[in-house]
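Notes follow once the structure below has been shown.
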Amino acid sequence: MEVIIKETYEHASAEAARIVARRVREKPDCVLGLATGSTPLGLYKELVRMHKSEGLDFSKVTTFNLDEYVGLPKEHPQSYFNYMQTNFFAHINVKQSNIHIPNGMAQNIPSHCEDYERSIETVGGIDLQVLGLGVDGHIGFNEPTSSLSSQTRIKTLTQATIAANARFFESENKVPRHVITMGVGTIYKSKHCLILASGANKSHAVKMTVEGPVTAMVPGSALQLHAKCTVVVDDAAASELSLRDYYLWTYRNKPDWQRV
Ligand code: GLP
């Protein structure tokens with residue numbers, strides 16, 4: 001994994017946006033895998049700025065979101081569909097027909113999940129997958145013990161994740177118990193993975209993901225086996241990394257042609 005440490009959340013978000021924008025400029029019809037949660041908000045804000053003031057063009061881009069709550073209609077304020085429209089899609093020129101988000105209201109969830117996998121394959125796979133990190137090291141909604149080769153499917157959230165996400169709902173009772181998520185195996189097939197984390201409450205998850213053993217107990221750690229995975233964190237999230245100084249040194253000494 002390549003680890004990039006930036007001083008603040010804003011700097012880390014700007015770095016992530018630079019990486020995404022570079023991919024979009026190099027391959028205007030690229031396929032982006034997108035995440036929700038608090039972490040990527042700064043990234044989306046910066047990409048919107050780049051679209052508005054630098055003409056960053058999303059007109060040929062296709063997107064696939066990682067996950068969605070089961071039982072929330074699209075228009076629900078906490079649906080990930082609504083999150084993506086509000087924080088990103090409504091402010092850029094991506095075609096609505098190129099946007100893919102699992103449908104939490106699907107009648108037949110297993111067949112919807114298979115279709116989702118197939119649609120990713122049909123467009124040639126995901127070029128760049130953006131990921132946040134759960135406090136327990138989950139990616140998407142792949143909770144600990146998720147199979148490391150899992151595909152898009154329904155999952156039951158842990159009580160800890162429900163408690164962590166309760167801040168967005170009226171109460172913990174209102175957080176859906178089930179979700180549809182790309183699997184660890186689905187994410188692994190992406191050509192490039194970009195993990196983002198910020199804040200001291202993520203420092204242990206970052207440590208375990210980057211420097212811990214590869215284990216289903218920390219789903220993000222599976223990406224240690226990925227040929228191209230970039231981890232962008234702020235100082236607080238990097239605080240438990242043993243090789244912190246080495247990552248900073250590597251980044252400083254990287255020739256421009258080698259930058260992601
Ligand atoms: C949520 C999402 C993940 C997200 C993670 C961290 O449960 N399903 O995709 O990365 O948890 O969220 P946050 O960025 O709000 O800390």
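No hydrogens, no waters, no symmetry mates; every other heavy atom, side chains included, goes into these values. Owing to the predicted nature of the structure, the values given are computational and were not obtained by experimental measurement.
Ion pairing between a basic and an acidic side chain is recognised when a charged N comes within 4.0 Å of a carboxylate O; R49 and E54 show such pairing. Comment: K189 engages E117 in a salt bridge, judged by a side-chain N to carboxylate O separation of less than 4.0 angstrom.
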Walk me through it: do N173 and S171 pass the test side chain to side chain donor-acceptor pair (under 3.5 Å)? CA-CA 5 Å; N173 284 340; S171 70; 4.6 Å; no
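Qualifying side-chain contact (heavy atoms from CB on, under 4.5 Å) partners for S242, counting only residues two or more places apart in sequence or in other chains: K207, E211. For R18, the side-chain contact (heavy atoms from CB on, under 4.5 Å) partners two or more places apart in sequence, or in a different chain, are E15, R22. In this structure K60 satisfies the salt bridge (charged side-chain N to carboxylate O under 4.0 Å, His left out) test with no other residue, sequence neighbours excluded.
Aromatic ring orientation, F88 versus F58: perpendicular (interplanar angle above 60°, classes split at 30° and 60°). Note on ring orientation: taking the six-membered ring where Trp is involved, the planes of F64 and H100 are parallel (angle under 30°, cut-offs 30° and 60°).
A centroid separation of 6.0 Å or more is found between the aromatic rings of Y83 and F168.
Defined by atom type and a distance below 3.5 Å, a donor-acceptor pair is present between the side-chain atoms of Q96 and Q85.
Side-chain N or O atoms of T186 include one that pairs as donor or acceptor with a backbone N or O of G183 at under 3.5 Å.
The shortest side-chain heavy-atom distance between L194 and Q129 does not fall under the 4.5 Å cut-off.
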